[in-house]
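Data block below; observations after.
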Amino acid sequence: MHLRDRVLHRDLGQHAGQRVLIAGWLQDARDQGKIAFLLVRDRTGVTQVVAKKQELGDERYKAVTGPNRESVVALRGTVQASKAKAGGYELVLDPPGEFDVLSAAEAPLPLGVVDKVAADLETRLDNRFMDVRKPEVQAIFRLRSVLVKAGLDYFTQHGFTQIHTPRIIGASSEGGTELYPVKYFEKDAFLAQSPQLYKQAMMATGLDRVVEVATYFRAEKHNTYRHLNEITAFDAEMAFIDSEEDVMTLLEGAVHHMWKTVAEQCPAELALRNVQLTVPGLPFPRIPHAHAVERVNATGKVSVKPDDDLSTEAERVLGELMAAEGHIFYFITKYPGGIRPFYTYVDADGTSRSFDLEHKGLEVTSGAQRQHDVDKLEARLREKGLDPKDFESYLKAFRFGMPPHGGFGLGIDRLTMEVLGLDNVREAVLFPRDRTRISP
RNA sequence: GCCCCGAUAGUGUAGUGGCCUAACAUAGAGCCCUGUCGAGGCUCUGCCUCGGGUUCAAAUCCCGAUCGGGGCGCCA
């Protein structure tokens with residue numbers, strides 16, 4: 001039998017009475033002198049292995065109970081019903097006691113996997129390979145995988161083509177955030193802050209609907225539970241829309257599908273995180289920015305000016321108001337044109353066809369219908385203090401037939417944090433890049 | 001960019017001028033234990049971020065450095 005054919009913990013019941021091979025991390029070895037209990041963990045659970053000195057002999061018994069915790073071991077034993085756990089199975093390591101250490105772990109561990117003392121997030125991230133051995137941490141990334149696939153499935157089922165745009169960009173930028181400069185041979189270049197300008201260019205091609213699972217780089221020195229300097233998002237753009245409402249309908253459908261899929265496919269992961277997931281009803285409420293400002297100001301807790309964006313505090317207050325009405329997801333729409341990026345479509349009354357999707361007071365999406373009239377677009381650039389010359393390769397795509405279009409960026413890290421109720425976005429990212437962390 | 005805070009065994013904490021040659025838990029080493037399952041019992045190992053200063057006396061107070069945490073702004 002090969003290692004790849006090893007029996008996983010969850011399948012032990014199908015092999016009752018048989019001699020099988022199992023392998024995994026030696027979580028613990030409880031030596032009681034003449035009988036020992038080895039706990040061997042694989043990705044599906046922890047198997048108890050019973051080893052008896054009388055049957056194995058002193059030498060084998062010592063070899064079996066000797067390895068350090070978290071060593072990788074493989075062993076053969078006979079599956080039997082556990083004498084202690086109802087409905088559970090364990091392995092009896094019977095003679096000759098086949099037991100191999102595939103990789104010995106050093107001691108002490110830099111981070112305990114099942115220790116009774118909790119470690120700081122900082123220590124956990126420094127030793128992420130150990131941290132992810134914990135089932136409750138593994139659950140985050142299994143669920144994230146399901147969430148992303150559900151999103152991508154939804155988009156492709158709705159006619160979206162998955163694309164990949166450059167992460168290295170030239171000097172021109174959409175503004176709004178600091179960029180990381182990189183050396184590009186004899187030229188200056190930057191890491192992309194978003195695929196915005198590229199996915200819009202695709203609207204001039206006839207692909208009509210594109211989506212990218214994109215990584216963004218933002219050189220902002222923020223230090224909060226919800227910000228990272230390297231983030232991952234769904235970036236979608238769709239052509240031939242009548243208004244931003246078409247984009248919002250698509251987006252809320254995608255989010256609903258992601259929540260529903262996670263609820264259906266991840267009961268074990270949700271249970272490990274103690275999360276009771278509620279799938280939000282459709283449609284999500286739409287709250288025009290002006291109304292949102294009125295509502296939060298009416299509480300007396302904050303003061304937001306009509307033309308300003310909601311502060312973090314105001315966002316939280318609105319989240320509480322909406323939660324009280326039973327809405328965890330909601331759109332804030334019709335932002336004042338002045339506080340949105342240059343490519344946003346602004347109507348004659350000064351409001352923009354833009355929106356944010358919020359979950360319990362946290363922004364998870366920003367989107368809009370885009371300005372597809374190149375003259376108005378150039379005027380918008382100048383209003384924002386940007387030089388149209390710097391955007392020539394972008395603007396060119398608008399001069400030869402550009403349909404009305406719109407799109408959004410949907411943050412995957414934040415979505416994962418929110419679906420699980422994590423208190424820090426770093427929990428939802430394997431190797432987060434924040435203000436100070438570039439290793440591991 | 002602005003503001004606040006922290007640093008004590010591998011890990012998580014207590015100690016905030018002398019009672020500290022620093023404590024507790026957990027981990028690690030050794031011994032005992034034939035059904036443990038947060039296994040248990042006994043013994044042992046291991047810590048004040050760095051550099052200045054104040055003081056009779058500094059883990060403790062002050063200054064600086066380094067590393068880190070958090071809030072705002074900005075955004076996903």
Side-chain angles (χ1 to χ4, degrees), chain A residues 27-39 46-56 61 65-66 68-70 80 82-86 88 90 92 105-127 130-131 174-178 193-196 213-235 308-316 339-341 356-359 362-367 408-418 423-426 428-429 434-437 439:
Chain A
Q27 182 166 295
D28 202 5
R30 296 190 183 129
D31 182 3
Q32 289 182 74
K34 288 178 178 151
I35 185 170
F37 300 94
L38 313 177
L39 304 183
V46 179
T47 301
Q48 171 159 287
V49 178
V50 184
K52 294 178 181 172
K53 188 185 259 179
Q54 198 178 48
E55 295 178 7
L56 296 172
Y61 184 83
T65 55
N68 288 334
R69 297 196 308 165
E70 296 301 324
Q80 67 172 25
S82 170
K83 290 178 182 173
K85 275 196 185 108
E90 63 187 15
V92 180
E106 294 178 14
L109 301 170
L111 174 72
V113 175
V114 289
D115 287 5
K116 295 149 197 164
V117 173
D120 288 342
L121 180 56
E122 190 67 13
T123 306
R124 292 172 44 208
L125 292 176
D126 282 341
N127 300 282
M130 290 295 292
D131 189 47
E174 56 187 279
T177 193
E178 293 296 315
Q193 70 181 99
S194 89
Q196 181 66 30
V213 176
T215 303
Y216 305 179
F217 303 92
R218 305 213 163 149
E220 297 289 339
K221 293 181 179 177
H222 33 46
N223 193 357
T224 78
Y225 70 91
R226 64 190 183 280
H227 287 98
L228 291 173
N229 296 285
E230 180 178 304
I231 66 182
T232 305
F234 283 113
D235 241 284
D308 280 356
D309 203 350
L310 266 51
S311 63
T312 299
E313 175 75 0
E315 250 188 312
R316 224 198 63 231
I339 58 172
R340 300 299 275 198
D356 281 359
L357 178 63
E358 305 254 331
H359 180 263
L362 178 71
E363 179 181 340
V364 293
T365 299
S366 191
F408 56 84
L410 171 59
I412 289 170
D413 311 313
R414 282 192 179 178
L415 221 45
T416 305
M417 167 170 78
E418 289 299 292
D423 57 14
N424 193 311
V425 72
R426 279 163 260 226
V429 178
D434 62 24
R435 175 71 185 82
T436 55
R437 178 177 292 279
S439 174

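Chain identifiers are assigned alphabetically (A, B, ...) following the order of the sequence lines, protein sequences preceding nucleic acid strands; residue numbering begins at 1 within each chain.
Nearest-nucleotide assignment on RNA chain B puts the 5′-proximal partner with A/Thr312, out of A/Thr312 and A/Thr365.
A/Arg435 has no side-chain polar atom (N or O) that falls below the 4.0 Å cut-off from OP1 or OP2 of B/G70. OP1 or OP2 of B/A76 has at least one side-chain nitrogen or oxygen of A/Ser366 nearer than 4.0 Å. Look at A/Asn229 and you won't find any side-chain N or O under 4.0 angstrom from OP1 or OP2 of B/C75. For the pair A/Asn424 and B/G70, the criterion of a side-chain N or O lying under 4.0 Å from OP1 or OP2 is met. Taking only side-chain nitrogens and oxygens, A/Lys221 comes nearer than 4.0 Å to OP1 or OP2 of B/G1. For the pair A/Thr436 and B/G69, the criterion of a side-chain N or O lying under 4.0 Å from OP1 or OP2 is met. Distances shown here put every side-chain N or O of A/Lys116 at or beyond 4.0 Å from the OP1 or OP2 atom of B/A25. Of the side-chain N and O atoms in A/Ser311, none sit less than 4.0 angstrom from OP1 or OP2 of B/C72. Side-chain N/O atoms of A/Thr123 include one lying less than 4.0 angstrom from OP1 or OP2 on B/G12.
On a pure distance criterion of 3.5 Å, a polar donor-acceptor pair joins the side chain of A/Glu90 and the base of B/G35. In this model, a side-chain donor or acceptor of A/Arg414 finds a partner on the base of B/C75 within 3.5 Å. Side-chain atoms of A/His222 and base atoms of B/C75 include no donor and acceptor less than 3.5 Å apart.
What separates CD of A/Gln27 from C1' of B/U36 is a distance of 14 Å, to the nearest Å. For the pair A/Asp434 CG and B/C67 P, the interatomic distance rounds to 14 Å; values are reported in whole Å. Remark: C1' of B/G12 and CG of A/Asp115 are 10 Å apart, rounded to the nearest angstrom. Across the protein-nucleic acid pair, A/Glu122 atom CD and B/U49 atom P stand 17 Å apart, rounded to whole Å. In this structure, the CG atom of A/Asp423 is 14 Å from the P atom of B/G69, given to the nearest Å. Distance A/Arg69 CZ to B/U11 P: 14 Å, rounded to the nearest Å.
On the C1' atoms, B/U8 is 13 Å away from B/C24, given to the nearest whole Å. Rounded to whole Å, the separation between the P atoms of B/G53 and B/G46 comes to 30 Å. Rounded to a whole angstrom, the distance from the C1' atom of B/A14 to that of B/A23 is 7 Å. Using P as the reference atom, B/C5 and B/C61 are 13 Å apart when rounded to the nearest Å. Taking the C1' atoms as reference points, B/G12 lies 31 Å from B/A57, given to the whole Å. For B/G51 and B/G18, the C1' atoms lie 25 Å apart once the distance is rounded to whole Å. B/U13 and B/C31 are spaced 29 Å apart, taking the C1' atom of each and rounding to whole Å. Here the separation of B/C48 from B/C56, taken at their C1' atoms, is 22 Å to the nearest Å.
Atom CZ of A/Arg435 and atom NE2 of A/His222 lie 10.5 Å apart (nearest 0.5 Å). With rounding to the nearest 0.5 angstrom, the CG atom of A/Asp423 is 8.0 Å from the CG atom of A/Leu121.
The side chain of A/Asp120 lies closest to B/G12 when the candidates are B/G73, B/C37, B/G12. Nearest to the side-chain atoms of A/Val50 among the listed nucleotides B/G35, B/A29, B/C33 stands B/G35. Closest contact between the side chain of A/Pro108 and the listed nucleotides B/C72, B/A27, B/G35 involves B/A27. Nearest nucleotide to the side chain of A/Arg226, out of B/A29, B/C72, B/G35: B/C72. In the set B/A76, B/C74, B/G35, the nucleotide with an atom closest to the side chain of A/Arg218 is B/A76. Between B/A27, B/G69, B/C33, one nucleotide has an atom nearer to the side chain of A/Asn223 than all others, and that is B/G69. Which of B/A76, B/G35, B/G12 sits closest to the side chain of A/Val117 comes down to B/G12. The listed nucleotides are B/G35, B/C72, B/A76; the one nearest the side chain of A/Ile231 is B/A76. Side chain of A/Arg426, nearest nucleotide from B/U26, B/G70, B/C75: B/G70. Checked against B/C72, B/G69, B/A76, the side chain of A/His227 finds its nearest nucleotide in B/A76.
Remark: side-chain polar atoms of A/Arg69 are not paired, donor with acceptor, to backbone N or O of A/Asp28 under 3.5 angstrom. A/Asn424 contributes a side-chain N or O that, together with a main-chain N or O of A/Arg426, makes up a donor-acceptor pair within less than 3.5 Å. Of the possible polar contacts, none joining the A/Tyr216 side chain to the A/Pro195 backbone as a donor-acceptor pair under 3.5 Å is found. In this structure, A/Glu220 contributes its side chain and A/Glu178 its backbone to a donor-acceptor pair below 3.5 Å. Between the A/Asp131 side chain and the A/Leu125 main chain, no donor and acceptor come within less than 3.5 Å of each other.
Within the 4.0 angstrom heavy-atom criterion, base atoms lie near A/Gln48. No engagement by A/Glu418 is indicated, since no non-hydrogen atom pair under 4.0 Å with the nucleic acid exists. Nucleic acid contact for A/Asp28: sugar-phosphate only, since backbone atoms but no base atoms lie under 4.0 Å from a heavy atom of the residue. Among the atoms of the strands shown, none is found under 4.0 Å from any heavy atom of A/Leu362. The residue A/Ala119 sits close only to the backbone: its heavy atoms come under 4.0 Å of sugar-phosphate atoms, none of a base.
At least one side-chain heavy atom of A/Thr312 sits under 4.5 Å from a side-chain heavy atom of A/Arg226. Taking the side chain as every heavy atom from C-beta outward, A/His227 and A/Lys221 never approach each other to under 4.5 Å.
Under the 4.0 Å criterion applied to side-chain N and carboxylate O atoms, A/Glu122 and A/Arg437 are assigned as salt-bridge partners. Looking at A/Lys53 and A/Asp31, no side-chain N of the basic residue comes within less than 4.0 Å of a carboxylate O on the acidic one, giving no salt bridge.
Stem list for RNA chain B (at least 3 consecutive Watson-Crick or G-U pairs, distances under 3.5 Å): B:1-7 with B:66-72, B:10-13 with B:23-26, B:27-32 with B:40-45, B:49-53 with B:61-65.
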